[in-house]
Amino acid sequence: MTATAQEDGPPKPVADIGVIGGSGFYEFLTDAEEVRVETPFGEPSEAVLVGEVEGRRVAFLPRHGKDHRFPPHKIPFRANLWALRALGVRRILAPTAVGSLTASYGPGTLVIPDQLVDRTGGRVQSYYDKYAVHAPFADPYCPSGRAHAIAAARKADWVPAGSGTLVVINGPRFSTRAESRWYAAQGWTLIGMTGHPEAVLARELAMCYTTLALITDTDAGVEEGEGVTQAEVFEVFGKNMTRLRELLAKVIAAFPAEREDDLCVHALDGIRLPFELP
């Protein structure tokens with residue numbers, strides 16, 4: 001199936017919930033088919049896979065591509081978010097592997113962050129190059145989505161940390177010990193490479209965006225040792241993949257048919273946009 005993200009958009013919503021994650025989520029959907037979407041910002045990381053989860057139409061997009069070919073600083077973030085919205089997606093769940101900046105949160109801990117700090121560089125993080133379009137971003141994550149995720153995790157006996165600040169670095173390298181200690185000294189608790197500009201682009205499209213952060217390691221400055229390795233991250237995330245997929249299904253099942261009337265829905269109210277959104 002092919003959909004074109006032009007002014008009139010697809011004839012009807014293909015899916016209303018989106019999942020942006022790693023390739024381990026391909027088995028997440030039933031009766032799935034690929035949908036290719038053309039966007040004004042180039043091709044997304046991969047064709048979008050659309051299928052069913054808990055009786056809901058869900059679109060899945062691997063942010064790094066099927067073969068993990070896009071490093072964090074090269075992910076086509078704008079195309080990815082635009083493609084999902086063009087298919088009708090208005091709620092996004094974004095499971096992600098993160099490091100911990102505190103010894104209190106060890107590997108395997110689930111955190112539903114409520115704040116974000118941008119320490120990236122060179123990433124285009126807006127759709128709006130014309131007119132003054134200032135989307136509110138004081139609370140970067142959807143409050144309703146966070147509440148559903150926290151409640152579902154508790155019911156699944158996976159007690160999450162219900163708050164946390166995720167600092168997003170450019171990558172692809174990991175932090176030095178000095179950087180890690182400085183981030184921790186600011187009171188930030190999580191560190192990752194892909195949560196921004198994903199979150200702000202979702203807000204600029206008036207989409208609800210919720211991150212489910214799985215801690216895979218402690219960052220270099222938290223404890224003595226050799227520091228985090230890529231193999232360590234992949235191993236811990238892989239061990240928790242089944243559990244994370246099951247949790248996502250429970251969150252999706254908990255979403256009401258219509259979005260709650262919250263800040264994400266009204267993010268663009270009263271703002272003049274330079275083009276019509278799909």
Side-chain angles (χ1 to χ4, degrees), residues 5-7 9-10 13 15-21 37 39-42 44-45 48 59 61 63 72-73 75-96 112-149 163-170 188 190 192-213 255 258-278:
Q6 298 174 339
E7 288 188 4
D16 65 339
I17 298 170
V19 174
I20 303 176
V37 185
T39 88
F41 307 97
S45 297
V48 183
L61 181 59
R63 62 167 64 88
H73 62 297
I75 293 171
F77 290 107
R78 292 200 295 177
N80 286 352
L81 275 296
W82 187 276
L84 290 175
R85 182 178 167 101
L87 294 176
V89 169
R90 295 297 181 267
R91 293 187 181 104
I92 293 176
L93 294 171
T96 185
I112 314 298
D114 59 342
Q115 277 299 319
L116 180 151
V117 175
D118 174 23
R119 292 289 297 172
T120 66
R123 301 184 184 188
V124 180
Q125 50 184 295
S126 179
Y127 288 105
Y128 305 115
D129 298 323
K130 297 180 180 179
Y131 305 122
V133 178
H134 303 298
F137 202 55
D139 297 298
Y141 301 109
C142 174
S144 301
R146 291 186 64 254
H148 288 302
S163 64
T165 297
L166 172 61
V167 54
V168 184
I169 61 174
N170 216 44
W188 307 334
L190 309 171
M193 299 179 187
T194 59
H196 193 79
E198 232 173 54
V200 72
L201 292 174
R203 182 62 52 82
E204 285 197 342
L205 296 179
M207 300 165 77
C208 297
Y209 182 90
T210 305
T211 287
L212 288 76
F255 279 147
E258 299 295 330
R259 286 199 291 173
E260 288 89 346
D261 190 34
D262 58 26
L263 58 87
C264 312
V265 176
H266 299 288
L268 301 177
D269 287 2
I271 298 176
R272 178 189 181 189
L273 301 181
F275 46 76
E276 185 175 344
L277 297 181

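In this text, all values refer to a predicted model and were calculated from it rather than measured experimentally.
Side-chain contact between Val89 and Ile17 is absent, with no heavy-atom pair separated by less than 4.5 Å. Looking only at side-chain heavy atoms (C-beta outward), Val133 and Pro274 come within less than 4.5 Å of each other. Leu263 has its side chain out of reach of Pro136: every pair of non-hydrogen atoms, C-beta onward, lies at least 4.5 Å apart. A 4.5 Å side-chain heavy-atom check between Ile20 and Leu84 finds at least one atom pair inside the cut-off. Under the 4.5 Å side-chain criterion, counting only non-hydrogen atoms from C-beta, Leu277 is in contact with Trp82.
Of the residues listed (Pro44, Pro72, Pro197, Ser45), the one engaging Phe77 in a side-chain contact (heavy atoms from CB on, under 4.5 Å) is Pro197, and it is the only one.
For the atom pair CZ of Arg78 and CG of Leu205, the computed distance is 11.0 Å after rounding to the nearest 0.5 Å. Note that CZ of Arg91 and CZ of Arg259 are 7.5 Å apart. Values are rounded to the nearest 0.5 Å. How far CH2 of Trp188 is from OG1 of Thr165: 9.0 Å, rounded to the nearest 0.5 Å. Separation of atoms CG (Asp114) and OG1 (Thr211) is listed at 11.0 Å; rounding is to 0.5 Å. Arg85 CZ to Ile92 CD1: the interatomic distance, rounded to the nearest 0.5 Å, is 10.0 Å. Rounded to the nearest 0.5 Å, atoms OH (Tyr141) and CD1 (Ile112) are 10.5 Å apart.
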Could you walk me through whether Phe275 and Tyr127 pass the ring-ring contact (aromatic ring centres under 6.0 Å, His included) check? CA-CA 10 Å; Phe275 46 76; Tyr127 288 105; 7.2 Å; no

Would His266 and Asp261 count as a side-chain contact (heavy atoms from CB on, under 4.5 Å) here? Give the steps. CA-CA 8 Å; His266 299 288; Asp261 190 34; 2.3 Å; yes

Go through the steps for Gln125 and Val200 under the test side-chain contact (heavy atoms from CB on, under 4.5 Å), then give the verdict. CA-CA 7 Å; Gln125 50 184 295; Val200 72; 4.2 Å; yes

Glu204/Tyr128 under side chain to side chain donor-acceptor pair (under 3.5 Å): CA gap, chis, key distance, verdict: CA-CA 9 Å; Glu204 285 197 342; Tyr128 305 115; 5.4 Å; no

With side-chain contact (heavy atoms from CB on, under 4.5 Å) as the test, would you mind laying out the steps for Leu166 and Val117 before giving the verdict? CA-CA 6 Å; Leu166 172 61; Val117 175; over 6 Å; no

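When atom types are taken as modelled, the side chain of Arg203 and the backbone of Asp139 share a donor-acceptor pair closer than 3.5 angstrom. Between the side chain of Arg119 and the backbone N or O of Val167 there is no donor-acceptor pair closer than 3.5 Å.
For the residue pair Asn170 / Thr120, no side-chain donor-acceptor distance below 3.5 Å is found, with atom types taken as modelled. Arg272 and Tyr131 form a side-chain donor-acceptor contact under 3.5 Å, judged by distance and modelled atom types alone. Checked by atom type, the side-chain pair Asn80/Glu198 shows no donor-acceptor distance below 3.5 Å.
Closest of all the heavy-atom pairs between Cys208 and Cys264 is SG-CB, 3.5 Å. The minimum heavy-atom distance linking Arg63 with Ala94 is given by the pair NH2-CB, 3.7 Å. For the residue pair Gln115 and Pro140, the shortest heavy atom distance occurs at NE2-CD, 3.6 Å. Annotation for Ile169 and Arg123: closest pair O-NH2, 3.5 Å, computed over non-hydrogen atoms. Heavy atoms only, all atoms of each residue included: Ala202 and Tyr209 are closest at CB-CB, 3.8 Å.
Remark: Phe255 engages His148 in a ring-ring contact (aromatic ring centres under 6.0 Å, His included) (not counting sequence neighbours). Partners of Ser163 under the side-chain hydrogen bond (donor to acceptor under 3.5 Å, both in side chains) rule, at least two apart in sequence or in another chain, do not exist in this structure.
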